[in-house]
Amino acid sequence: MFEVADEKGLNRRLAIVVVLLGILVATAALVSGGSIFRDTQAAFLAAVMAVFLIVAATGIPIRLTLAHKAFFIFLIIALVAVVSSVWVVESLQEIGLIVGYLIIFVLMSNIAGEKRYRLAAHMIVLAGVVVAAVGIYQYFITNVAQLKSLESMGHDMLARQLASMINRAFGSFSSANGFAGYLILIIPVAIGLLIYERDIRLRVWLGLALATISAAEYFAFSKGSLLALALALGVIIIGGLLKTGRSKKAPLVLLFGLAAGTPLYILWTFFSGRISAVATNIGGRVELWRGAWQLIIKRPILGSGPGTFGTEITQHQVGSVYSPYAHNTYLQMGAEIGLVGLAAFITAMVIILVFAWKRFRDSRLEGQVADKGREISRDAWLRLGLIASLVGFLAHNFVDYTWYMPGVALTFWFIAGLAVGPVSDLLPTAKKPTGPRYALITIVALSLIPVLFVFAGEKYNVAGDNLREAYELKKAKKFYEESLQLFPYNARAHDGLAQTLYAEALAANEKLGPEVAGQELLAVKLRPSWAFYEARAGDYLGQQGQDKAALRHYQKAIALNPLEPKIRVKLGNFLYREGRFKEALAVFGSATDLGEIYGASRHTAAAIARARQDINGPLTSIAIAYMGEARTNIALHEYQAALVSIEKNEAMVDDNLETLYLRAQILEKQGSYKKAAAIYKRVVDEMTIFNPKVSFRLAKSLELSGQVDAAVEELEEILKKAPTYKPASRLRKRLLMSNPGSKT
């Protein structure tokens with residue numbers, strides 16, 4: 001098994017490693033993009049570990065440099081930060097990804113040889129062309145067709161979401177910025193490879209590839225990535241100018257042209273769009289950066305734990321913008337693993353760039369010796385492209401978070417490994433594996449088992465989420481249970497199962513069983529800093545009569561996410577149901593006070609009405625909070641205050657049946673029964689689903705306004721549709737007895 005390979009066998013095995021890893025990083029970029037789903041990430045990690053086992057088990061030599069050791073130190077510090085993490089399971093999964101990056105970095109830096117470098121570089125460019133082509137096709141064709149389909153099917157909210165992105169290419173990525181962040185890794189490599197190659201056919205192919213990738217970068221309209229790309233091009237120009245002796249000027253002319261055009265292009269994209277939109281985008285990032293800085297101040301040494309920024313930022317968020325990422329990798333890393341970990345990461349990146357530059361310098365000197373000092377070596381141009389790619393990625397991460405996108409990060413470490421690899425074509429002598437290599441193989445093989453369990457568990461969990469959203473509750477429940485059998489520490493699966501059990505109880509009109517709150521409390525235990533799990537636990541406990549426990553969870557949820565009005569609405573409704581009207585009114589008021597933060601007063605009624613259709617949006621919750629204020633004021637007999645709340649709601653969302661219903665209640669309480677009956681009648685006529693309670697209030701108002709016959713007719717209509725509705729049958733009987741001349 002561990003035979004020592006000859007040079008020919010070693011060459012073949014190394015080429016296989018290049019191809020396998022090239023396919024892996026291409027698949028990651030094409031399929032996962034910016035996905036945060038842990039099942040996909042676990043699959044990539046398992047694939048990387050499998051390739052490493054192939055290398056370790058077939059006698060391929062592995063050499064480690066200071067660059068590898070620096071990254072390993074960063075990994076150790078990140079692992080220590082897991083100990084104090086606010087979400088340990090998520091942090092461990094994030095560490096798993098970093099381990100995968102380290103493996104790719106080590107493997108790619110040990111594939112010495114010109115042919116393999118060319119193969120790897122061409123695979124990178126080929127993957128970039130495919131991903132770019134998908135983005136261009138999606139930009140011109142798929143988006144338009146999908147938008148028309150959504151509009152024709154009545155999916156207004158989804159159509160608006162797509163319409164907001166339709167003017168930018170994003171391919172298979174979750175955002176146009178992530179798509180552009182991937183492409184700026186590929187463009188410098190393509191430039192270096194274009195200058196490197198001498199074969200005219202390969203140059204034509206690379207020219208077309210560069211044009212395709214550049215076009216996709218253009219259609220992404222990402223200003224931050226363009227600035228990073230300009231910096232990367234500058235690196236190639238500076239490196240080209242540092243050569244000695246007579247040079248070929250064509251490469252530099254090309255690069256100078258690109259570098260000169262980039263600033264003009266950036267200016268055009270800035271001013272061709274709305275300046276207000278640019279300002280809003282920058283302002284949102286600044287808010288997130290402030291929030292990240294607050295997290296760093298809170299836990300400066302070890303941070304909140306790898307992968308936990310999205311959970312913790314809700315406590316310290318400045319302003320209205322929420323994102324699970326800081327849009328600045330360095331600030332986010334400082335928040336997650338502390339300043340020590342951030343320093344280790346920056347140190348590792350600096351060492352990698354220094355090593356890569358040293359390799360470039362060595363290859364340049366070798367080229368000058370081989371070519372008698374006439375020109376910079378072709379191999380040096382390729383290495384210069386690799387360095388520029390790394391610089392572009394690191395620069396872009398000052399304004400974005402592509403480190404956290406596996407589809408981009410895997411490619412970065414693939415390129416980083418090439419950049420720090422040895423210059424010489426000579427392969428080290430393959431030796432028979434020693435005891436440490438046997439131990440390493442055993443450790444990696446054993447660690448692959450939990451990775452596969454995580455993958456399977458997360459896969460079932462994603463399937464459960466999809467089925468629950470489609471309201472296939474029995475199937476969803478089964479998948480969640482399967483997920484938890486494979487991976488019982490998944491907070492998302494416990495939460496999903498709790499929501500499924502709750503939906504089943506509602507559909508069957510049954511009381512909640514203790515297992516609903518039990519599953520949600522397990523989710524809270526596994527992810528204790530996530531406000532929405534706390535709020536849902538409050539909902540379930542409150543419906544089971546555990547009022548004190550419910551109140552405690554609601555209060556904890558608000559403390560964890562003080563800028564989320566939805567949670568305050570949940571608490572207000574709970575207090576209202578408990579008859580604690582003054583407390584409910586105060587909580588609803590605190591929710592409506594958040595309206596200014598979310599710009600409620602700056603939007604038109606129509607714009608807010610559209611926003612309200614997003615049932616998870618803050619404006620929806622603020623509008624509902626005004627309704628809560630109105631209902632509570634009615635209960636407190638503060639009718640004028642209730643009308644003010646109704647008017648504020650209507651200023652946001654126009655007339656709706658709920659506000660009409662509350663207006664009718666107020667008129668009824670004030671003794672204006674005829675007016676109340678007219679409004680109740682309108683509500684009943686416009687309701688799509690029969691509600692006996694509303695129709696009964698109409699009948700009562702008709703009775704009190706002296707329209708007894710009309711009241712009896714309405715009651716009889718109620719009893720036709722709901723024969724067991726006792727209030728209607730009792731009132732009808734009383735009216736007929738007290739008014740024997742009425743119509744029967």
Side-chain angles (χ1 to χ4, degrees), residues 34 36 38 41 71 73-98 101 174-175 177-178 181 224 282-350 393-406 408-409 412 491 526-534 559-564:
I36 62 171
R38 289 303 189 190
Q41 295 177 6
F71 188 29
I73 291 172
F74 161 73
L75 174 61
I76 294 299
I77 294 173
L79 189 58
V80 172
V82 173
V83 177
S84 60
S85 173
V86 300
W87 190 8
V88 174
V89 174
E90 184 75 0
S91 293
L92 285 172
Q93 292 182 88
E94 188 71 24
I95 289 294
L97 270 179
I98 299 175
Y101 299 153
S174 59
S175 71
N177 291 333
I282 295 173
R285 278 176 164 78
V286 171
E287 290 177 357
L288 289 167
W289 297 342
R290 288 174 182 167
W293 182 247
Q294 290 298 316
L295 288 178
I296 292 173
I297 293 173
K298 181 181 178 182
R299 295 190 176 196
I301 306 301
L302 292 176
S304 60
T308 62
F309 178 84
T311 298
E312 286 291 281
I313 188 60
T314 56
Q315 300 176 50
H316 302 281
Q317 184 180 350
V318 180
S320 60
V321 178
Y322 169 77
S323 171
Y325 303 101
H327 287 266
N328 181 309
T329 290
Y330 309 102
L331 284 175
Q332 181 165 339
M333 199 167 287
E336 290 184 343
I337 59 176
L339 295 176
V340 175
L342 175 60
F345 178 77
I346 293 174
T347 301
M349 294 302 104
V350 170
F393 174 88
L394 295 173
H396 188 226
N397 274 268
F398 277 101
V399 293
D400 229 303
Y401 55 93
T402 48
W403 161 266
Y404 293 91
M405 296 181 181
V408 183
F412 170 80
L526 289 167
R527 192 181 182 183
S529 293
W530 191 234
F532 291 101
Y533 291 174
E534 294 279 2
L560 289 171
N561 196 343
L563 292 180
E564 177 51 69

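What you are looking at is a predicted structure, and each value in this text was computed from that prediction instead of being measured.
For the atom pair CD1 of Ile296 and CD of Gln294, the computed distance is 10.0 Å after rounding to the nearest 0.5 Å. Between the OG atom of Ser529 and the CG atom of Asn561 there is a distance of 11.5 Å, given to the nearest 0.5 Å. The OG atom of Ser85 sits 8.0 Å away from the CG atom of Leu92 when rounded to the nearest 0.5 Å. To the nearest 0.5 Å, atom OH of residue Tyr401 and atom CG of residue Leu331 are 15.0 Å apart.
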Contacts table for residues 333-350: side-chain donor-acceptor under 3.5 angstrom, sequence neighbours left out:
residue	atom	partner	partner atom	Å
Glu336	OE1	Gly307	N	3.2
Glu336	OE1	Tyr404	OH	3.1
Glu336	OE2	Gly307	N	3.4
Glu336	OE2	Thr308	N	3.3
Glu336	OE2	Phe309	N	3.1
Glu336	OE2	Gln332	NE2	3.2
Thr347	OG1	Ala343	O	2.7

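In this structure, Trp403 has its ring center no closer than 6.0 Å to that of Tyr330.
Residues Val88 and Val82 are in side-chain contact: their nearest non-hydrogen atoms beyond the backbone lie under 4.5 Å apart. Annotation: side chain of Thr329 is not in contact with side chain of Thr402 (no heavy-atom distance under 4.5 Å).
For the pair Arg290 and Trp293, the NZ or CZ position fails the cation-pi test of under 6.0 Å to the six-membered ring centre and within 45 degrees of the ring normal.
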- Task: Apply side-chain contact (heavy atoms from CB on, under 4.5 Å) to the pair Val408 and His396, showing each step before the final yes or no.
- Result: CA-CA 12 Å; Val408 183; His396 188 226; over 6 Å; no
- List the steps and the verdict of side-chain contact (heavy atoms from CB on, under 4.5 Å) for Glu534 and Leu560. CA-CA 9 Å; Glu534 294 279 2; Leu560 289 171; 3.9 Å; yes
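For the pair Leu302 and Ser84, the tightest heavy-atom approach, listed with the atom from each and the gap, is CB-OG, 3.8 Å. Counting all heavy atoms, side chain and backbone alike, Ala326 lies closest to Leu288 at O-CB, 3.9 Å. Heavy-atom minimum distance, Met405 versus Ser175: CE-OG, 4.0 Å. Of all the heavy atoms in Ala78 and Pro306, the pair that sits closest is O-CG, 3.6 Å.
Applying the salt bridge (Lys or Arg N to Asp or Glu O under 4.0 Å) definition to pairs two or more places apart or across chains, none involves residues 337-348. The list of salt bridge (Lys or Arg N to Asp or Glu O under 4.0 Å) pairs with a residue in residues 303-313, not counting sequence neighbours, reads Lys298-Glu312.
Counting only distance, with no hydrogens or angles, the side chain of Arg299 and the backbone of Gly305 share no donor-acceptor pair below 3.5 Å.
Residue Trp87 is tested with Gln93, Glu94, Arg527 for a side chain to side chain contact (heavy atoms under 4.5 Å, CB included); the sole match is Arg527.
Considering only residues two or more places apart in sequence or on other chains, Thr314 meets the side-chain hydrogen bond (donor to acceptor under 3.5 Å, both in side chains) condition with none of them. Listed by chain and residue number, Phe74, Trp413 satisfy the ring pair (Phe, Tyr, Trp, His ring centres under 6.0 Å) test with Phe71 (two or more places apart in sequence, or in another chain). Considering only residues two or more places apart in sequence or on other chains, Asp400 meets the side-chain hydrogen bond (donor to acceptor under 3.5 Å, both in side chains) condition with Arg285.
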